[in-house]
Amino acid sequence: MDKAYQSAHESDIYRLWEQSGAFTPVVPSDPVKAREAREPFTIILPPPNANNPLHAGHIMYVVEDILVRYHRMLGDPTLWLPGTDHAGIESQFVFEKELKKQGRSRFDYDRQTLYRLIDEFVAQNKDIAISQLKMMGFSLDWTRLKFTLDPDHVARIYAVFNRMHHDGLVYRDEKIVNYCTFCGTAFSNLEVVHKTVNGHLWYINYGPLSVATTRPETMLGDTAVAVNPSDIRYQKLIGTKLKLPLVGREIPIIGEESVDPEFGTGAVKVTPSHSPEDYDMGKKFHLEFIRIFDYDGRANANVPEKYRSLYPQQVREAVVRDLEAAGLLEKVVDYSHEVGHCYKCGRPIEPITAPQWFIKVKTLADQALQVVQDDTIKIFPKRFKKSYLTWMKNLRDWPVSRQIVWGHRLPIWYNLDENPDTQITFIDKSGKNITDLYKNLKDNFDFAQIKNGLQSLIAPVNAKYYLTEAEALQAGEHTLQETDTFDTWFSSGQWPYSTLGFNPEDPSKSAPDFKYFYPTSLLDTMWDILFFWVARMIMFGLYVTGKVPFEVVHLHSRVNDAQGQKMSKSRGNVINPSTFVAQYGADALRFALVYGVAPGSDISLSEDKLRAQRNFVNKLWNAARFIELMVDKVGITGFSLDPAKFNADDKAIIAELNRVIAATTKNINRYHFGAASEDLYQFFWHQFCDIYIEKVKDRPAEALPVLAHVLLNSLKLLHPFIPFVTETIYQTLKEKLHYTEALLITAAWPQND
RNA sequence: GGUUGUUUAGCUCAGUUGGUUAGAGCGCAUCGUUCACAUCGAUGAGGUCACAGGUCCGAGUCCUGUAACAACCACCA
């Protein structure tokens, strides 16, 4: 054996495991019955972004590998299923950045070309993440590798969408949505980041009363002014009308309870098309909806000529200037408030009315609430249960359509002759971008040109549509598929049953994998996507399969830098796992991630820690090496553990070993990996090496059976945490020490006698 | 605005149902080492467990309040 452990050989060990078939469980011929007899242990890997290398957060998958390896050693049929995610908006955003470097943008391509380019871009990088997962030693079943754009997955989520539509859970509506005019797509509430902005409150004279607003530019779209009905200052004005400054439109004054008489002037301008609160008022009072900003962010024809095609900030400046000139600007005060920003590009979100596809979540959420409430699904650490329940109770309908190309296009088809008011954007033969209603285009362009150059379409909110292309074609040949794609979470929310081969059309025809492995045992992820992902999987799982997708949700820590700061590109403190693996070995990195960490608390990863754990790995290596030297020296041919021959030291170390076996088993069962790893570290280094080994140096022959026994069990206990070094030692010494199992990875977990 | 979490040795953090002198890793000090490992060994210094009350025979641990920090959720102008 080398003087120090060489982590460079880790890939050989990985191949050894993979070739042994240890990662790939065999599905019995009668999976249903087999499952009843002994439930397999199953984890579906949260699919990392196919396009990016792993970041520090992904290496926390080590938690899953610990559990998987532990259960495999317990003899459970064990599956850890890998996959990668196309990561819709994320990948498209990264690709667009690349385009920008070349001086191009998404507007230069029709959607099928853009899709193909992103596909190629993602394919180039696809293997990076996979090789890194292997590098970390993760015992994933690569024979079952999945991708979110695999045709069978796509077919499945389409089938589920159809079923939801059939059940009345899908609808199209023109509601106010969070729209990023830069990214060109709508977002759900979860994708909006609230930031405190130091802005102003403008007091504007509206004639009979004055209003205060943080967004003077939206006054061009005002269709009412609201006051509190109990406000004696304004009571008599309710029901009257006023003339909107700068625009000249007559708008009503309405009485609305939610208006706070104490705030500002006690009167609120109402812009139903550009403010969520005003939208609600607009619906309630049947106000006019006047959208003044288009999807490209510019003011449209609904505003006076002079403001047209300006961006909101420019409109604001112009409006304020004009109000001031007209003597209608009463005062401006500093005011700091919360403004929604796009989580991708960081620009302010424009609340805007737009036709979008929605999922009704009430019935789905009720079930998903119930199963967590009654612990059918247990959430660990427990404190996340409450935030899950709170979130689920207040859930609103889910806007699932995104105006991007990289993803699953909605299975919706429109016949354009039935919907002549559909707005179409395409690139014509000469390469020019054209946007207009279909009825204005159809006589000037042949349909093939529109279809091939298509970038996007916006069908009217009440457009007639079909769920299959065939049906739409029956109505006429001028048929286009919806250009919106699904929110990424609509796809990944269906990951557990989809990867296992569930058949939504006929569940009895589901794959054996589904029958055997579903529901899965545990879902592990970081707490930041509890709502995005975990909640959606629970809703989908219950609705589609009638069963929970997993029995336990384990939420792992966030990996921070050495100072406890969140890693981010802007801070410049992002670490690449590969660097650390190259320097310290995968085992050291794995152990550093769990050593002494409390469940659910964040981790500060420092090189000090990595060095410490590399030293531990080396300590383990050298203890094994010492035992090898002893065997060579003494020349023993067989071992038998005979308690009758134990002296006090032997008894003490065996007793301590038994304690550690029990403690480790208990700690892993309770997901206390920090405690387990710390205990093992202390036992092996300080009890076994520092005390026991030092004491037996003068009686190697008698101690060898005990040395071999403690080493074997230590290797087994440590294997889930540091698989490479333990397997390497095992393979190196198994013959000399008469260990009988072929591989440590499939060896039996130690039992306490 | 609402919710949750954190506050323990110089640094990063453990501390499981409250139980005798509060622990680890790193760092630090002194000594040692050709005989498994300097990626080592031995010894040691270092903490009024954020603060103020309370419950208890007994509180780092449970309760109340305060402060600082962090995160999450949120359509108020």
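Scope of the values below: all heavy atoms of this structure, side chains included, with no hydrogens, waters or symmetry mates. Just so we're on the same page: letters track the sequence lines, and every chain starts at 1.
- A:Trp391 has its CH2 atom 15 Å from the P atom of B:C72, to the nearest Å.
- Comparing the same atom, P, in B:C40 and in B:U64 gives a spacing of 46 Å after rounding to whole Å.
- Distance check on atom C1': B:A24 versus B:G32 gives 24 Å, rounded to whole Å.
- Distances from the side chain of A:Arg614 to the nucleotides B:U39, B:U4, B:G41 place B:U39 closest.
- For the pair A:Lys666 and B:U17, the criterion of a side-chain N or O lying under 4.0 Å from OP1 or OP2 is not met.
- At least one side-chain heavy atom of A:Leu523 sits under 4.5 Å from a side-chain heavy atom of A:Trp533.
- The side chain of A:His686 contributes an N or O atom lying less than 4.0 Å from OP1 or OP2 of B:G25.
- Counting heavy atoms from C-beta on, the side chains of A:Ile722 and A:Leu620 come closer than 4.5 Å.
- Partner assigned to B:G1 is B:C73, using Watson-Crick or G-U wobble distances below 3.5 angstrom.
- In this structure, A:Asn615 reaches the B:C40 phosphate: one of its side-chain N or O atoms is under 4.0 Å from OP1 or OP2.
- Between A:Thr390 and the phosphate of B:C73, there is no side-chain N or O to OP1/OP2 separation shorter than 4.0 Å.
- Among the nucleotides B:G25, B:C26, B:A36, the one closest to any side-chain atom of A:Arg625 is B:A36.
- If you take atom C1' in B:U66 and the same atom in B:G58, they sit 26 Å apart, rounded to whole Å.
- Counting atom types as modelled, A:Glu338 pairs a side-chain N or O with a base atom of B:A74 as donor and acceptor under 3.5 Å.
- Because its NZ or CZ atom is not both nearer than 6.0 Å to the ring centre of A:Phe684 and within 45° of the ring axis, A:Lys619 does not count as a cation-pi partner of that residue.
- Rounded to the nearest Å, the gap between the P atom of B:C11 and that of B:G54 is 31 Å.
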Between the protein and nucleotides 8-11 of chain B, are there any N/O to N/O pairs under 3.5 Å, and if so, what are the atom names and distances?
none

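- Using cut-offs of 30° and 60° on the angle between ring planes, the pair A:Tyr171 and A:Phe358 is parallel.
- Checking the phosphate oxygens (OP1, OP2) of B:C13, a side-chain nitrogen or oxygen of A:Ser604 falls inside 4.0 Å.
- What separates NE2 of A:His337 from P of B:C76 is a distance of 12 Å, to the nearest Å.
- Spacing between B:A45 and B:U30 at atom C1', rounded to whole Å, works out to 10 Å.
- Of the candidate nucleotides B:A36, B:G25, B:A14, B:A36 has the atom nearest to the side chain of A:Met630.
- Between B:U3, B:C37, B:U39, one nucleotide has an atom nearer to the side chain of A:Lys386 than all others, and that is B:U3.
- Within 6.0 Å of the NZ atom in A:Lys695, the count of heavy atoms belonging to other residues, nucleotides or ligands does not exceed 12.
- When distances are taken from the side chain of A:Ala4 to each of B:U4, B:C26, B:U39, the shortest belongs to B:U39.
- The gap from the P atom of B:U6 to that of B:U39 amounts to 38 Å, rounded to the nearest Å.
- Of the candidate nucleotides B:C26, B:A71, B:C37, B:C37 has the atom nearest to the side chain of A:Lys3.
- Closest contact between the side chain of A:His194 and the listed nucleotides B:G5, B:A74, B:A24 involves B:A74.
- No donor-acceptor contact under 3.5 Å links the side chain of A:Lys609 to the base of B:C26.
- The distance from atom OH of A:Tyr388 to atom P of B:U4 is 19 Å, rounded to the nearest whole Å.
- Ion pairing between a basic and an acidic side chain is recognised when a charged N comes within 4.0 Å of a carboxylate O; A:Asp650 and A:Arg699 show such pairing.
- Of the listed residues (A:Lys609, A:Gln613, A:Arg614, A:Glu607), just one forms a side chain to side chain donor-acceptor pair (under 3.5 Å) with A:Tyr584, and that residue is A:Glu607.
- Within 3.5 Å, no donor on the side chain of A:Glu694 pairs with an acceptor on the base of B:A42, nor the reverse.
- Taking atom CZ of residue A:Arg670 and atom C1' of nucleotide B:G15, one finds them 12 Å apart after rounding to whole Å.
- Side-chain N/O atoms of A:Trp685 include one lying less than 4.0 angstrom from OP1 or OP2 on B:G41.
- Comparing B:C72, B:A74, B:A36 by their closest approach to the side chain of A:Phe531 singles out B:C72.
- The ring of A:Tyr335 has its center no closer than 6.0 angstrom to the ring center of A:His200.
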